[in-house]
*Asks:* 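Here's a structure for you.
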Amino acid sequence: MGRGQLSKAFEPQAAERNWYQYWMDNNFFHAIDGSAKPQFSIVIPPPNVTGILHMGHALNNVLQDIMIRFKRMQGYNSMWMPGTDHAGIATQNVVEQELAREGLTRHDLGREKFIERVWEWKEKYGGVITNQLKRLGCSCDWERERFTMDAGLSQAVREVFVRLYNDGLIYQGDYIVNWCPRCHTAISDLEVEFKEEAGHMWDIRYPYVDGSGEIVVATTRPETMLGDTAVAVNPDDPRYKDKIGKMVLLPLVNREIPVIADDYVTMDFGSGAVKITPSCDPADFAMAGRHNLEIIKIMDGSAVINENGGVYQGQDRFECRENVVKDLEKGGFLGTITPYTHNVGQCYRCKTTIEPAVSKQWFVKVAPLAKAATAAVIKGKTRIIPPMWEATYFEWMTNIRDWCISRQIWWGHRIPVWYCDGCGNMIVASQDPDHCPTCKGSELRQEEDVLDTWFSSALWPFSTLGWPEQTPALKTFYPTSLLITGFDILFFWVARMMMMGLYTMKEVPFRDVYLHALVRDEHGDKMSKSKGNSIDPLQMIDKFGTDAFRFTLAAFTAQGRDVRMSEERIEGYKFFVNKIWNATRFAVMNLEDYPEAEPKVSRADKSLPDRWIESRLRHTIRDVVSGFNEYRFNEATGSIYQFIWHEFCDWYLELVKPVLYGKDATTGRLAAQHTLYGILKATMKLLHPTMPYLTEEIWQTIFNDGTSIMVSPFPTEDEYVDDPRAEEEMGLIMEVITRIRAIRGEMGIAPSKKLRAIISAPEGEKEKGGTDFKSVPCIEAGAGYIVNLANLEELKIGVAMEEPKGAATGVVGNLQIFVLLEGAIDVAAEKARLEKDRAKLEKELAIVARKLANRDFLAKAAAAVVQKEEEKHKELREKHLLIEKALKKLQELAT
RNA sequence: AGGCACGUAGCUCAGGGGGAGAGCGCCAUCCUGACGCGGUGGAUGUCCAGGGUUCAAAUCCCUGCGUGCCUACCA
């Protein structure tokens, strides 16, 4: 122990390596199951195993780490559950690409071998993102790390599936789903992204079978006509009233299909008649159900036309589109072609255009689950922050549609359903069955489909804690305290965790949900590789250090606002890190003889600046604590920044330099050292959640108490005295100093030039004895600070002093400050300066005077407000008078 | 098409009924013994527009314009 020396400059790389290892070695990240301390827990939004750290991860995890470190220091048993997601399609794609380089497909390997291959890939590369999180300084409880395909979590998945099935909340059936022809799987509604595309609207004429003319329909996808099984019109449409029930002949296919009536059709769009392709459109599929229409599938899983497409069989859907249009034209069936921009659905993984398709899939009936999840938020069991997202959450929950959970891929949780070849029975079980319970046959085939990745993610808050076992961890940490995630997965993940948590655990998965915004570039554009505007977090860490980077992220996280990231900003906070480092070096230099066993210093021995900075620290602590508690990260960091730079460094250190420089062991010097030491120590703690490395480095060098700053208690307000009087006195002294400096600057006097100044107060500001604030004794007591920081050689203080000749005048409150200028004063410059001050004053005065002249204001405004305005008016008038006086004097001087 | 945000200094933004703020940038100045990654001082605003509520509006309400996002998707 003992205080060490700080190197000339902070070296982030070394500090980051050393201290992370030190924290790990000492097991500081580990929370205790069943601890008697208050609990605080967060489960990480598990990044994809295939992921590499981007700005979104960085923001998300830094905010979590800030909260975890803050709560840990506040004495909570603070647990951060880390882990990764198996990311079904994404991971399968990555491994398939790897295979493709070897000239293989997954079918060459077969299902089992392929899955082995994915596990190999996971073992090899799955730790990348985890290690990147460590570079951010994340204090995750790594002993608990989980993966969504771990045995325990997989068992949880099966268990929940079976329960839902037995409760009638999971069903299987032939429905139209979003099909990705590239991934060869169904995807959920949420996984479809709509993008505007310039296309065409083709009018097609379908002739009536009886030769009585034709009906015109319009489509953006002409190839789907091959699967048409009806034409629909609105039952109230007078144009078609007599056509309902007639048959038309489907061109190219020559199939007779009926004209049907359905309310779904809007009369004033296009011709008012719609072609119905139940196999290719969700609305048409629904209509087929209502009217018992035939469903003719015309495409295979790759969106290639099948045997039902006649001559078009074997053609890709877009190729077929061209040919169908060509042939329609040839046959004289084609009407107008209009350019038409419309939204086209794409697969969110591979951006391939979605093809709605009918297939057998598994669904979760979400309505009852959503109802409970909505109620929990209404009742306040879970808070969504910022609250504006609540509305979005409710909106979605009330319009929610059933969730398609089956995927036709190999990597994922295989659905726990078996079919008996013997009797055709279906077995839904959480354990692999070895025989059919009905026919005792042992020829069982497990369902080929796997579950949507989000199904297992939805269980994350309890599956990671050991459920279905009633583990101590589960009892200790569920429900978790807080979830921090991006609003972009509110529906994908947050809503589903709410539903599954309430269903399975009968209790919400988390108390608070903090939704942060997206990280964008400095112009507000979404970062993307293709735009080339993405900033790599690891590069930023290399360049500016983790602490500067973390502080930047927190500082720009205002609620509900996007975070605009730019290198310049991070650099700015790197300068802040440097500033802190140097202030600390200064402190260390002046604490050399400060006793290691901290001495007791009575408050009576503390100087005005000592008492002032401690009072300011108290306010800062309050702001930081409430800032973090309310997830106002920008306010917490802003208040630390302001305090350290503009109060502690700019003022306090400058004020106490003379005392510290005097090498005599006076009580005043010891008091200043005591204050300096205490402030610095508390400040490092306030800063620790955002700047873990810098603060640990400083802690270990100076405050080393045998353990880490990360487990030291967070400062509390009541450690410091609220001293409004000290703040008022210091405030006046600071204002006087600033005024003199301004005069110096505006009059072009070199800072090195020592000046003489006179401060004159009005009568009545001098008498002592009372407890009221009086400016004269205050200034007298602070004269040393003024002389020092304004660089004066002489300062006279008095009441109603005579204004000297050749002085520049400044007014602070009711004090006149005369700065004596040697030789001839630049009358023009001084006049301009005073007139500027006067103009500003007059503007303010006019506003106040107008208010006070308003009878309604006097009658209706709160008494305190009126009083404040009156005081202000008095003060402004005094000031104005003093400036007028100075101007007059100047006039005399000039003539 | 609905919904939700946002529009404040050159830039990026905070604030959110009674005196327009910060950071960066800019100008001037200082080689002061922690820091030039610094100090000191300075300039800059129809707080998007219009209307309303109020004694008082940048702040609350309405309308419009602009921007971003979310949800749905009508062939």
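In what follows, chains are A, B, ... by sequence order, proteins preceding strands, each numbered from 1.
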*Asks:* Between B/rC13 and B/rC65, how far apart are the two P atoms, rounded to whole Å?
*Replies:*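 It comes out at 24 Å once rounded to the nearest Å.
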*Asks:* Nearest to the side chain of A/N582, which nucleotide is it out of B/rG42, B/rA34, B/rC37?
*Replies:*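 Of all the options, the side chain of A/N582 is nearest to B/rA34.
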*Asks:* So if I take every side-chain heavy atom of A/M388 and compare against B/rG42, B/rG19, B/rC4, which nucleotide ends up nearest?
*Replies:*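 When the side chain of A/M388 is considered, B/rC4 is the closest of B/rG42, B/rG19, B/rC4.
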*Asks:* Please report, rounded to the nearest Å, how far the C1' atom of B/rG41 is from the CD1 atom of A/I743.
*Replies:*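 In whole Å, B/rG41 C1' lies 12 Å from A/I743 CD1.
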*Asks:* When both hydrogen-bonding distances must be under 3.5 Å and the geometry is Watson-Crick or G-U wobble, what is B/rA58 paired with, if anything?
*Replies:*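 B/rA58 is paired with nothing.
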*Asks:* Pick the nucleotide of RNA chain B nearest each of A/Y573 and A/R585; which residue has the one closer to the 5' end?
*Replies:*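 Comparing both residues, the 5'-ward one is A/Y573.
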*Asks:* With a 3.5 angstrom cut-off on both distances, give the Watson-Crick or G-U wobble partner of B/rG38, or none if there isn't one.
*Replies:*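 Check on B/rG38: paired to B/rC30, both distances under 3.5 Å.
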*Asks:* Let's see if you can work this out: which of B/rC30, B/rA75, B/rA34 has an atom nearest to the side-chain heavy atoms of A/E654?
*Replies:*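 For the A/E654 side chain, the nearest candidate turns out to be B/rA34.
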*Asks:* What's A/T738 touching, base or sugar-phosphate or nothing? Going by heavy atoms closer than 4.0 Å.
*Replies:*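 Answer is sugar-phosphate: A/T738 comes under 4.0 Å of backbone atoms only.
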*Asks:* Between B/rG19, B/rA75, B/rU71, which nucleotide gets closest to the side-chain atoms of A/E869?
*Replies:*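 Nearest to the side-chain atoms of A/E869, counting from C-beta on, is B/rG19.
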*Asks:* I'd like the P distance from B/rA20 over to B/rA9, given in whole Å.
*Replies:*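 To the nearest whole Å, 16 Å.
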*Asks:* Between C1' on B/rC30 and CG on A/L789, what's the gap in Å once rounded to a whole number?
*Replies:*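 Checked: the CG to C1' distance equals 15 Å.
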*Asks:* Taking B/rG39 as the reference, what is the distance to B/rG52 when you measure between their P atoms (whole Å, please)?
*Replies:*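 It works out to 49 Å between them.
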*Asks:* Is a donor-acceptor contact shorter than 3.5 angstrom present between the side chain of A/K579 and the base of B/rC37?
*Replies:*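 Between B/rC37 and A/K579, which were checked side chain against base, a qualifying N/O pair under 3.5 Å is absent.
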*Asks:* Could you tell me how far B/rC47 sits from B/rC4 if I compare only their P atoms? Round to whole Å.
*Replies:*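 About 27 Å, rounded to a whole number of Å.
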*Asks:* How close or far is atom C1' of B/rC4 from atom CG of A/D488, stated in whole angstroms?
*Replies:*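 Atom CG in A/D488 sits about 16 Å away from atom C1' in B/rC4.
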*Asks:* Mind checking whether A/Y340 and A/F269 have parallel, tilted or perpendicular rings, split at 30° and 60°?
*Replies:*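 Rings of A/Y340 and A/F269: perpendicular, over 60°.
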*Asks:* For a quick check of understanding: with a heavy-atom distance under 4.0 Å over all strands, which category does A/A283 fall into, base, sugar-phosphate or nothing?
*Replies:*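 It contacts nothing in the nucleic acid.
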*Asks:* What's A/D650 touching, base or sugar-phosphate or nothing? Going by heavy atoms closer than 4.0 Å.
*Replies:*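 Sugar-phosphate only.
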*Asks:* In terms of side-chain heavy atoms of A/E746, which of B/rG42, B/rA75, B/rC30 is nearest?
*Replies:*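 My answer, after comparing the listed nucleotides, is B/rG42.
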*Asks:* Counting side-chain heavy atoms from C-beta on, which of B/rU40, B/rC55, B/rG15 comes nearest to A/E635?
*Replies:*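 Output: B/rG15.
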*Asks:* Report the nucleotide, chosen from B/rU40, B/rC37, B/rG18, that has the shortest atom-to-atom distance to any side-chain atom of A/A861.
*Replies:*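 The listed nucleotide nearest to A/A861's side chain is B/rG18.
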*Asks:* State which of B/rC35, B/rG33, B/rC73 makes the closest approach to the side chain of A/F194.
*Replies:*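 The answer is B/rC73.
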*Asks:* Any strand is fair game: report the nucleotide pairing with B/rC47 by Watson-Crick or G-U wobble, both distances under 3.5 Å, or none.
*Replies:*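 The base-pairing partner of B/rC47, which may sit in any strand shown, does not exist here.
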*Asks:* How about A/Y641 and A/Y573: are their ring centroids closer than 6.0 Å?
*Replies:*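 For A/Y641 and A/Y573, the ring centres are under 6.0 Å apart.
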*Asks:* If you pin A/A742 and A/W581 to their nearest nucleotides in RNA chain B, which one's is more 5'?
*Replies:*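 Looking at the nearest nucleotide for each, A/W581 comes out on the 5' side.
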*Asks:* May I ask you to say what A/K868 touches in the nucleic acid, namely base, sugar-phosphate or nothing, with a heavy-atom cut-off under 4.0 Å?
*Replies:*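 If one applies the 4.0 Å heavy-atom cut-off, A/K868 turns out to touch nothing in the nucleic acid.
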*Asks:* Looking at A/E871 and A/K874, is any side-chain nitrogen of the basic one under 4.0 Å from a carboxylate oxygen of the acidic one?
*Replies:*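 No, A/K874 and A/E871 are not salt-bridged.
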*Asks:* Taking the side chain of A/F491 as heavy atoms from C-beta outward, which of B/rU29, B/rU71, B/rC55 is closest to it?
*Replies:*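 Nearest to the side chain of A/F491 among the choices is B/rU71.
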*Asks:* Round to a whole Å and report the spacing from CG of A/N788 to P of B/rG33.
*Replies:*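 Result: 14 Å.
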*Asks:* Are A/K195 and A/V344 packed together at the side-chain level, in the sense that at least one heavy-atom pair is separated by less than 4.5 angstrom?
*Replies:*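 Side chain of A/K195 against side chain of A/V344, heavy atoms only: no contact under 4.5 Å found.
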*Asks:* Tell me if the CZ atom of A/R290 is crowded by more than 12 foreign heavy atoms within 6.0 Å.
*Replies:*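 Yes, because the 6.0 Å sphere around CZ of A/R290 holds more than 12 heavy atoms from other groups.
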*Asks:* Send over the distance from A/K657 NZ to B/rU32 C1', rounded to a whole Å.
*Replies:*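 Spelled out: NZ on A/K657 to C1' on B/rU32 is 8 Å.
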*Asks:* Rounding to the closest angstrom, what is the interatomic distance between B/rC48 and B/rU59 at atom C1'?
*Replies:*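 Between the two C1' atoms, the distance is 15 Å.
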*Asks:* For A/Y240, which of A/N234, A/V259, A/I215 qualifies under side chain to side chain contact (heavy atoms under 4.5 Å, CB included)?
*Replies:*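 That would be A/I215.
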*Asks:* Between B/rA75 atom C1' and A/R205 atom CZ, what is the distance in whole Å?
*Replies:*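 That distance rounds to 18 Å.
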*Asks:* Describe the nucleic acid contact of A/Y340 in one word from base, sugar-phosphate, nothing, applying a heavy-atom distance below 4.0 Å.
*Replies:*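 The residue A/Y340 makes sugar-phosphate contact but no base contact.
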*Asks:* Check every strand shown and say whether A/W645 touches a base, only sugar-phosphate, or nothing at a heavy-atom separation below 4.0 Å.
*Replies:*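 Touches sugar-phosphate only.
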*Asks:* A/E395 CD to B/rC4 P: how many Å, rounded?
*Replies:*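 That distance rounds to 9 Å.
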*Asks:* Picking from B/rC37, B/rC73, B/rG19, which would you name as closest to the side chain of A/E844?
*Replies:*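 Closest nucleotide among those given: B/rG19.
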*Asks:* Any base atoms under 4.0 Å from A/H873, or only sugar-phosphate, or nothing? Heavy atoms, all strands.
*Replies:*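 Counting heavy atoms under 4.0 Å across all strands, no contact is made by A/H873.
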*Asks:* Write down the distance separating the P atoms in B/rG21 and B/rG16, rounded off to the nearest Å.
*Replies:*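 Between the two P atoms, the distance is 15 Å.
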*Asks:* Measuring only the P atom in each nucleotide, how far is B/rC61 from B/rC6? A whole number of Å is fine.
*Replies:*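 Per the computed distance, 10 Å lies between those P atoms.
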*Asks:* With a 4.5 Å heavy-atom cut-off, do A/F556 and A/S566 have their side chains touching?
*Replies:*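 A side-chain contact under 4.5 Å is absent here.
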*Asks:* Calculate the interatomic distance between A/R744 atom CZ and B/rG41 atom P; express it in whole Å.
*Replies:*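 In whole Å, B/rG41 P and A/R744 CZ are 11 Å from each other.
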*Asks:* With a 6.0 Å cut-off (strictly less than), is the heavy-atom count around CD of A/E654, excluding the residue itself, greater than 12?
*Replies:*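 More than 12 heavy atoms, drawn from other residues, nucleotides or ligands, come within 6.0 Å of this atom.
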*Asks:* Answer with base, sugar-phosphate or nothing: what part of the nucleic acid does A/R833 contact at a heavy-atom distance below 4.0 Å?
*Replies:*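 The answer is nothing, as A/R833 stays clear of every strand by at least 4.0 Å.
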*Asks:* Counting only heavy atoms from other residues, nucleotides and ligands, does the tally under 6.0 Å from CZ of A/R239 exceed 12?
*Replies:*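 It does: A/R239 CZ has more than 12 such atoms within range.
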*Asks:* Any base atoms under 4.0 Å from A/T220, or only sugar-phosphate, or nothing? Heavy atoms, all strands.
*Replies:*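 Since only primed, P, OP1 and OP2 atoms lie under 4.0 Å of A/T220, the category is sugar-phosphate.
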*Asks:* What does A/T266 touch in the nucleic acid at a heavy-atom separation under 4.0 angstrom: a base, only the sugar-phosphate, or nothing?
*Replies:*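 If one applies the 4.0 Å heavy-atom cut-off, A/T266 turns out to touch a base.
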*Asks:* NA contact type, A/V588, heavy-atom cut-off 4.0 Å: base, sugar-phosphate, or nothing?
*Replies:*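 No contact at all - A/V588 keeps every heavy atom at 4.0 Å or more from the nucleic acid.
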*Asks:* Is it the case that B/rC73 (base atoms only) and A/N343 (side chain only) share a donor and an acceptor within less than 3.5 Å, ignoring hydrogens and angles?
*Replies:*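 Per atom types, the contact qualifies.
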*Asks:* Return the nucleotide paired to B/rG23: Watson-Crick means purine N1 to pyrimidine N3 with N6-O4 or O6-N4, wobble means G-U with N1-O2 and O6-N3, both under 3.5 Å.
*Replies:*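 Paired with B/rG23, as far as the under-3.5 Å criterion goes, is B/rC11.
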*Asks:* With sugar-phosphate meaning primed atoms plus P, OP1 and OP2, does A/K836 contact a base, only sugar-phosphate, or nothing at under 4.0 Å between heavy atoms?
*Replies:*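 Contact class for A/K836: sugar-phosphate only.
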*Asks:* Need the pair for B/rC69. Rule: Watson-Crick or G-U wobble, both distances under 3.5 Å, any strand; none if unpaired.
*Replies:*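 With both distances under 3.5 Å, B/rC69 matches B/rG3.
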